[in-house]
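Okay, structure first, notes after.
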Amino acid sequence: MKNFDVSKFENKAAAFEAFDDIRTSPEGAPTMGDVVAARFGRRDLVKGSLAVTAVTATFGAAALSAGRADAHAHGGMRYVFDEIQHGVDETHHVAPGYSADVLIRWGDPVEADAPAFDPQNQTAQAQSKQFGYNNDYIGYLPLPMGSETADHGLLCVNHEYTNEEVMFPGLGRQDNAEFAGMTQELVDIEMAAHGGSIIEIRKVDGKWEVVPGSRYARRITALATPMDITGPAAGLDRMKTSTDATGTRVIGTINNCAGGMTPWGTYLMAEENFHGYFWGELTEDHAEYRNYDRNGIPGGWYAWGRYHDRFDINKEPNEANRFGYIVEVDPLDPTSTPKKRTALGRFRHEGAESIVNGDGRVVVYTGDDNRFDYLYKFVTAGTFNPDDRAANMDLLDEGTLYVAKFHENGKVEWLPLVYGEGPLTEANGFTNQGDVVIESRIAADLLGATPMDRPEDVEPNPVTGKVYVMLTNNSRRTPEQVDAVNPRPESRFGHIVEISPPNGDHGSTMDDWEIVVLCGDPNVEDVGAMWNPATSDNGWFASPDNCAVDNQGRLWISTDQGSGWARSGTADGVWALETEGDLRGTGKMFFRVPIGAEMCGPKFTPDDTTLFVAVQHPATDGTRNYPGFERDSTFEDPATRWPDFQDGMPPRPSVVAITKDDGGPIGV
Ligand code: FEO
Ligand code: CA
Ligand code: CA
Ligand code: CA
């Protein structure tokens, strides 16, 4: 394999200059603002940062500074692994003393009768039985159900989206070519490569293996998996289509980004950038125009509307109302029908991590990953019954959806999205709770929720009783738009907010908040913020995306810089971040992905002896900016052939199992 010269990126100013209008994953697409700021905006950024200090000093920054002073005074560190280096090359890296083994790759068999992977002759039928593309969220359900088994369980894996240019021979990128090369078979392969996979895995002689022919094995796809629609939007006229007169049945799920596992062992798949899959155009007098416009529909990212009328809003104007939800799947029953739980709202759901509150109600935190969109939580009406799994199976159909309003005094208020309350009435276009959830964003706008810097994973921390919010970046926030909780203009590197419910009560409607870390390189004057005296510079990171919590309450953060790695000088990866004590807010780099990939899905086994991670879209993002490569990857000419490194074999998104060589818990 080729070896890229990492030292080419050591001059970060040069990397900044090199940044140009390059392709990223849709969610991280660079804006003109990014490009202008990267080339010309350094002085303005400094000015912006200074201007913000006065605002944040009221709360967030003051707390942050105090934490830094403590860390500086006390030194010491809790993490006990040797950090890896920032950098970019063709393969993955993990801290010394650990092994990172590929567990399953795009195209590997999931269902028992899956054919062998043949990337030159892929079919939708084969893909429907094989591991899908762009693995993202990873859930682990120990077997038997209810145990804490750490060497046998089910893995529930989302497949977020597809990259046709490295999946299919002879195509190249299609979005710039108006999908000229796309055929129905290729579209159907894409649809079959979306969704999720459920696999049974077992540790044999210290290494994880997929159990072949497992009775739990299942593919869920955008192409062919029927789903029920439940909750307040189910059955409304605006949920009905020409193929579903009931408004309660839909085929498939799309753009499943992060997710969650419920306390009763179901798998939540978050539908994130659902708007991108629809074609067509609604006129401004159409009843759904306001709704679709606020949600960015249609996005026109894929050619699906050419072959499937339901993705053309001119032909099926209600179909897009049936996407953008949290989907609940019972992984223990491969014949079960997944359910879209509309009570949790409709927007670009990043994830759905939950916690059982002290009173037994279940609280699900979920972010809307869009610039200036919101943070939500759903509190069930019923309570979790640990002794009766069946009694919990519809808990997510009834409860209250709240949206967050952050105050500058360090309080965060949770505002209920309830039909008939406040502005959520006929006067503003809502005739029932179904309308409120379908148009969650507009309801939240009316309530005065706080526009955030792209909320990604939101992780309750059972050790500390707190909640961590990954805010990945927001290139479009102007100096005039900064506030205490989003304190940086043109935030390219994001930050992490900690929410503290009073006495650990996640049902509270008034919590405390503070900023844990402003991300980015502290040695670059205009992005500064991550002050990390106890570790080397490799402890800083950019664009936090997904997150896991270990048994010590530390965060393990995976990053998605899009093409931004060409500015930061390092590929994405996993960083451990202290949440308490002297080193609160300091990080340490544990794992690094190959060039062009994004890091997703960190998930520990219950005893922390394995950390599963998902390497998403290797070889794609930002390769045009890599000195010596300087072009977009294609099937024939990818920037890396990770993980197989075989001629003719394209790069393959894969789940990696990380274990400590002595078999002990990770990071201890
Ligand atoms: Fe699919 Fe917001 O990351
Ligand atoms: Ca992501
Ligand atoms: Ca998570
Ligand atoms: Ca992201």
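Predicted, not measured: the structure shown is a model, and the values here were computed from it. If you read the sequence from its start, that first residue is 1, and numbering goes on from there. Counting starts at 1 for both ligands and their atoms, in listed order.
- The minimum distance between the Ca ion (ligand 4) and any N, O or S atom of Asp560 involves atom OD2.
- Between Asn256 and Asp136, the side chains place no donor N or O within less than 3.5 Å of an acceptor N or O (distance only, hydrogens not considered).
- The only member of Asp369, Asp545, Asp373 that meets salt bridge (charged side-chain N to carboxylate O under 4.0 Å, His left out) when paired with Arg454 is Asp369.
- Atoms OE2 of Glu272 and OE1 of Glu456, as seen from atom 2 (Fe) of ligand 1, are separated by an angle of 140°, to the nearest 10°.
- For atom 1 (Fe) of ligand 1, the nearest N, O or S atom contributed by Glu160 is named OE2.
- Nearest N, O or S atom of Glu350 to atom 2 (Fe) of ligand 1: atom OE1.
- Residue contacts to the Ca ion (ligand 4): Glu598 brings no N, O or S atom closer than 3.0 Å.
- A side-chain donor-acceptor contact under 3.5 Å links Thr380 to the backbone of Val362.
- A cation-pi contact, defined as under 6.0 Å to the ring centre and within 45° of the axis, links Lys340 to Phe323.
- Not one N, O or S atom of Glu350 sits under 3.0 Å from the Ca ion (ligand 4).
- No donor-acceptor pair under 3.5 Å is formed between the side chain of Trp565 and the backbone N or O of Gly87.
- For Asp369, the N/O/S atom at the shortest distance from atom 2 (Fe) of ligand 1 is named OD2.
- The Ca ion (ligand 4) has no N, O or S atom of Asp369 under 3.0 Å away, backbone or side chain.
- Residue Cys257: an N/O/S atom is found under 2.8 Å from atom 1 (Fe) of ligand 1.
- Listed by chain and residue number, Phe117, Tyr133 satisfy the ring pair (Phe, Tyr, Trp, His ring centres under 6.0 Å) test with Trp106 (two or more places apart in sequence, or in another chain).
- Angle OE2 (Glu456) to the Ca ion (ligand 4) to OD2 (Asp545): 100°, rounded to 10°.
- Evaluation of the ring pair (Phe, Tyr, Trp, His ring centres under 6.0 Å) rule for Tyr277 yields His194, Tyr302, Trp304 as partners, not counting sequence neighbours.
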